[in-house]
> 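Below: one structure in structure tokens.
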Amino acid sequence: MELLNSLISLTFFAQVLRLMTPFYLGASASNFSERGGVINIAIEGFMNLSAFSFVLFSLLTGNITAGFILAVIINLVFSLVYSFFTVNLKINQIVTGVGFNLLIAGITKFLLVLIFKSSSNTERFEGLPDLNLFKSVPFLEIVFSDYLTIFCFALIFISGFVLFKTKFGLRLRSVGENPGAAESLGIRVKSYKLSGILISGFLSSLAGIWLASNQNSYSDGMIAGRGYIAIAAMIIGKWKPVNIFFACLIFSAFEALEITLQISGTNIPTQLIQMLPYLITILVLIGFVGKTKPPAAVGS
Amino acid sequence: MKSKTKINLISVSLSFLVTFVIIFALLLLIDKNPFEVFSLILSEVFASGYGIGQTLFKATPLIICGCGLAVCFHASLFNIGAEGQLNAGSFTIALVAVYAGDLSFPVMLILCLVCGFIVSGVVGLIPAYIKIKKDVSEVISTIMLNFIILALVNYFLVDFFAVKSTMRTEKIVDGNMLFKLSDIFPFFQGSSLNASFFIALLLAVVTYILIYKTQFGYKLRAVGFNETASKYIGIKTNKIILASFFTGAGITSLAGINYILGYKGFYEFGFSNNVGFTAIAVALLAKNNPIGIIFSALLFAILDYGGLSVNQLVPKEIMLVVQGIIILSILGVDRIVNNYFEKRGLV
């Protein structure tokens, strides 16, 4: 009964909205890349990389802003390399993505031991500053407790606008649907794919930064498949910004449920609670998804 | 065909060189002497029978798992789920070995392998099914399944089968263990190298024949090369996708025998130590050729075992960086080399 009460409370719903941030940022990251025709499995690794570099540089420089900027720059550099592999060399995007994920996992584990002398986590740091805009407004206070979440909500409209109302968006989508036709119209296919990937790198960097900031440290394996779940959310949301938002809500709701269950101490075994988000992802992919239709030239 | 082999050799050696240069620079960057590190690895691995034995021991699961992945990769099925698949299968193997311990050794062994194979294979069927029915990339579903399967195995292990206050199953009776090589060759004294190594070699040959010399292998490669075209020449592509996922995932389960039947005698949570992921690099480096996988597995085993010895100088995690760089450099260099030869009409 107590559990039920805590589930239907406003606080729970506020948590759901807040926890949606990394999923939506990741899913949008993936969307911008796929709209240009490039599958970006490396989102997971990119989130991991910027979570780590954000903590690392914030601690090294003692300045959150510097940490933030450096984390984004590092992600953009990696995105550039990713684009070189997939767009210029035309190497299989999925294999490249998995390669990036393994390399980044290796780099972060290595540097974690080398710099922080620990194989599990860094020391604590402050994280992003709180947003005091909604201080003492009951519900919004929890939802919009930081800048990135509020940006994330704005992103629903920004990405919809950019993709469907601007020349850039139209061209990016045409590159993803039919690069040959786009090229014959004089569109620089490679530059559009590159910019899709760079936006992707930027947004996934924000997702990683939010996660690190949320737990005030970096720990090994902390992304825990959220990058892949974000890609699943993009598929379920059929590559449309608003639909993706609702798909992300499903996943953040189950993450909030997982947290609530763990705190309330039910007799459900912890392993089964922990596998909940992943099980839901699979079930949603099997059950709710009709025939999905990615941008026509995705993957080629 | 011959020039293809030559190009492959060129690109593999070039990507080694690239990896070597990057790691060399990285070591200099963090103020370590690269020569000291490299020589320490080589001396640890090759100076004693123990070192060689341990390296071959570490190569064994990589060969097996790499072969399983090669089957999937040849069909262009990018199976990232080996870690979950092999844990499900290995857990089964350990349980069968304990509960069927009274049977005669060959019967028990075959029963173990068959049961492990089937359980892993069935786990592999899930992403195949989702791919066929819902067109969802196997990469996402296999990653999700890794988390799910590991949690489930952990749950069944801890709540039902584990020896009290441990994370492992009961021990298999000594008579049912595979023989250690050090029992026959004192050269390997003290190392854990066991008969699984020969099973792995045999499996590599069998997988090679399966992929390159059978009708199934032909169809599998055809689907991997061009699914639409395969459909039009009458190959039942969905069946091939299911079958290759089942076979590939099934093979990965056998990676567990090295640890369970050859070394410790029980399944322990976390025993696999990310073999399922390292094997991706192993298979890619060998260009999914099972015979090549033997050699690339040996290379990664040298890195893995040698990595332990350099831990005092550099964190052993540097070997994970090496793995990642090898994957990306083989991908990049291979494409650049191929482009180069194609432009000059040499292929």
> Please classify the contact between B/Ile325 and chain A as side chain, backbone, both or neither, with a heavy-atom cut-off of under 4.5 Å.
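Contact with chain A: backbone and side chain both.
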> Please state whether the side chain, the backbone, both or neither of A/Val81 comes within less than 4.5 Å of a heavy atom of chain B.
neither
> Using 30° and 60° as the class limits, which term best fits the ring planes of A/Phe245 and A/Tyr24: parallel, tilted or perpendicular?
perpendicular
> Report which part of A/Ile229 has an atom under 4.5 Å of a heavy atom belonging to chain B: side chain, backbone, both, or neither.
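Both parts, heavy atoms under 4.5 Å.
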> Where on A/Ile41 is there a heavy atom nearer than 4.5 Å to chain B: the side chain, the backbone, both, or neither?
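Only the side chain of A/Ile41 comes within 4.5 Å of chain B.
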> Answer yes if the side chains of B/Asn87 and B/Ser272 hold a donor-acceptor pair under 3.5 Å, and no otherwise.
yes
> Using a cut-off of under 4.5 Å for heavy-atom pairs, which of B/Ile280, B/Val322, B/Leu152 has the most such pairs with chain A?
B/Leu152
> Counting only non-hydrogen atoms closer than 4.5 Å, does A/Lys117 touch chain B with its backbone (N, CA, C, O), its side chain (CB onward), both, or neither?
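Neither; nothing under 4.5 Å.
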> For B/Ser137, is it the side chain, the backbone, both or neither that has a heavy atom under 4.5 Å from a heavy atom of chain A?
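Just the side chain, heavy atoms under 4.5 Å.
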> Who are the side chain to side chain contact (heavy atoms under 4.5 Å, CB included) partners of B/Tyr155, not counting sequence neighbours?
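Side chain to side chain contact (heavy atoms under 4.5 Å, CB included) list for B/Tyr155, sorted by chain: A/Pro269, A/Gln271, A/Leu272, B/Asp159, B/Phe160.
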> So what's closer than 4.5 Å to chain A heavy atoms on B/Ile143: side chain, backbone, both or neither?
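Side chain only.
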> Out of A/Ile231, A/Val98, A/Ile107, return the one with the most heavy atom pairs under 4.5 angstrom to chain B.
A/Val98
> Any luck finding a side-chain donor-acceptor pair between A/Gln215 and A/Ser219 under 3.5 Å?
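Per modelled atom types, A/Gln215 and A/Ser219 side chains form a pair under 3.5 Å.
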> Can you tell me which portion of B/Ile30 sits under 4.5 Å from chain A's heavy atoms? Options are side chain, backbone, both or neither.
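Only the side chain of B/Ile30 comes within 4.5 Å of chain A.
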> Checking heavy atoms, do the side chain of B/Val158, its backbone, both or neither come under 4.5 Å from chain A?
side chain
> Where on B/Leu320 is there a heavy atom nearer than 4.5 Å to chain A: the side chain, the backbone, both, or neither?
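B/Leu320 touches chain A through backbone and side-chain heavy atoms alike.
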> Using a cut-off of under 4.5 Å on heavy-atom pairs, state which of A/Leu103, A/Thr281, A/Thr108, A/Ile94 scores highest against chain B.
A/Leu103
> Taking atom types as modelled, is there a side-chain donor on B/Asn146 or A/Tyr228 under 3.5 Å from an acceptor on the other?
no
> Examine whether an atom of B/Ile130 lies under 4.5 Å from a heavy atom of chain A, and if so say whether it belongs to the side chain, the backbone or both; otherwise answer neither.
side chain
> Centroid-to-centroid, B/Phe38 to B/Phe20, below 6.0 Å?
yes
> Which atoms of B/Ile149 come close to chain A, meaning under 4.5 Å heavy atom to heavy atom: side chain ones, backbone ones, both, or neither?
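When you check distances to chain A, no heavy atom of B/Ile149 falls under 4.5 Å.
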> Name the member of B/Ile327, B/Leu331, B/Thr278, B/Asn339 that forms the most heavy-atom pairs with chain A at distances under 4.5 Å.
B/Leu331
> Would you say the ring centroid of B/Phe91 lies under 6.0 angstrom from that of B/Phe156?
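Aromatic pair excluded; centres sit 6.0 Å or further apart.
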> What residue in A/Leu89, A/Leu111, A/Leu102, A/Ile39 has the most heavy-atom pairs under 4.5 Å with chain B?
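Among A/Leu89, A/Leu111, A/Leu102, A/Ile39, the one with the most close pairs to chain B is A/Leu89.
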> Between B/Leu150 and chain A, which part of the residue has a heavy atom less than 4.5 Å away: side chain, backbone, both or neither?
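No part of it gets close to chain A.
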> Looking at B/Val314, B/Val139, B/Ile326, B/Asp334, which has the largest count of heavy-atom pairs under 4.5 Å with chain A?
B/Val139
> So, are B/Lys316 and B/Asp304 salt-bridged, with charged N and O less than 4.0 Å apart?
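Result for this pair is no, no salt bridge flagged.
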> Can you measure from CE (A/Met47) to CG (A/Leu49) and round to the nearest 0.5 angstrom?
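It is 12.0 Å, given to the nearest 0.5 Å.
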> Hey, what do you get for CG (A/Leu283) to CE (B/Met144), rounding to the nearest 0.5 Å?
12.0 Å
> On the 0 to 90° scale, with breaks at 30° and 60°, tag the A/Tyr82-A/Phe46 ring pair as parallel, tilted or perpendicular.
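It falls in the perpendicular class, over 60°.
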> Using heavy-atom distances under 4.5 Å, tell me whether B/Val321 contacts chain A through its side chain, its backbone, both, or neither.
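Both the backbone and the side chain of B/Val321 come within 4.5 Å of chain A.
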> Are any of the side-chain heavy atoms of A/Ser119 and A/Asp220 separated by less than 4.5 Å?
no
> Are A/Thr122 and A/Ser217 close enough that a side-chain donor and a side-chain acceptor fall under 3.5 Å?
no
> Based on non-hydrogen pairs under 4.5 Å, which of A/Asn92, A/Ile104, A/Val95, A/Leu112 is most in contact with chain B?
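Heavy-atom pair counts peak at A/Val95.
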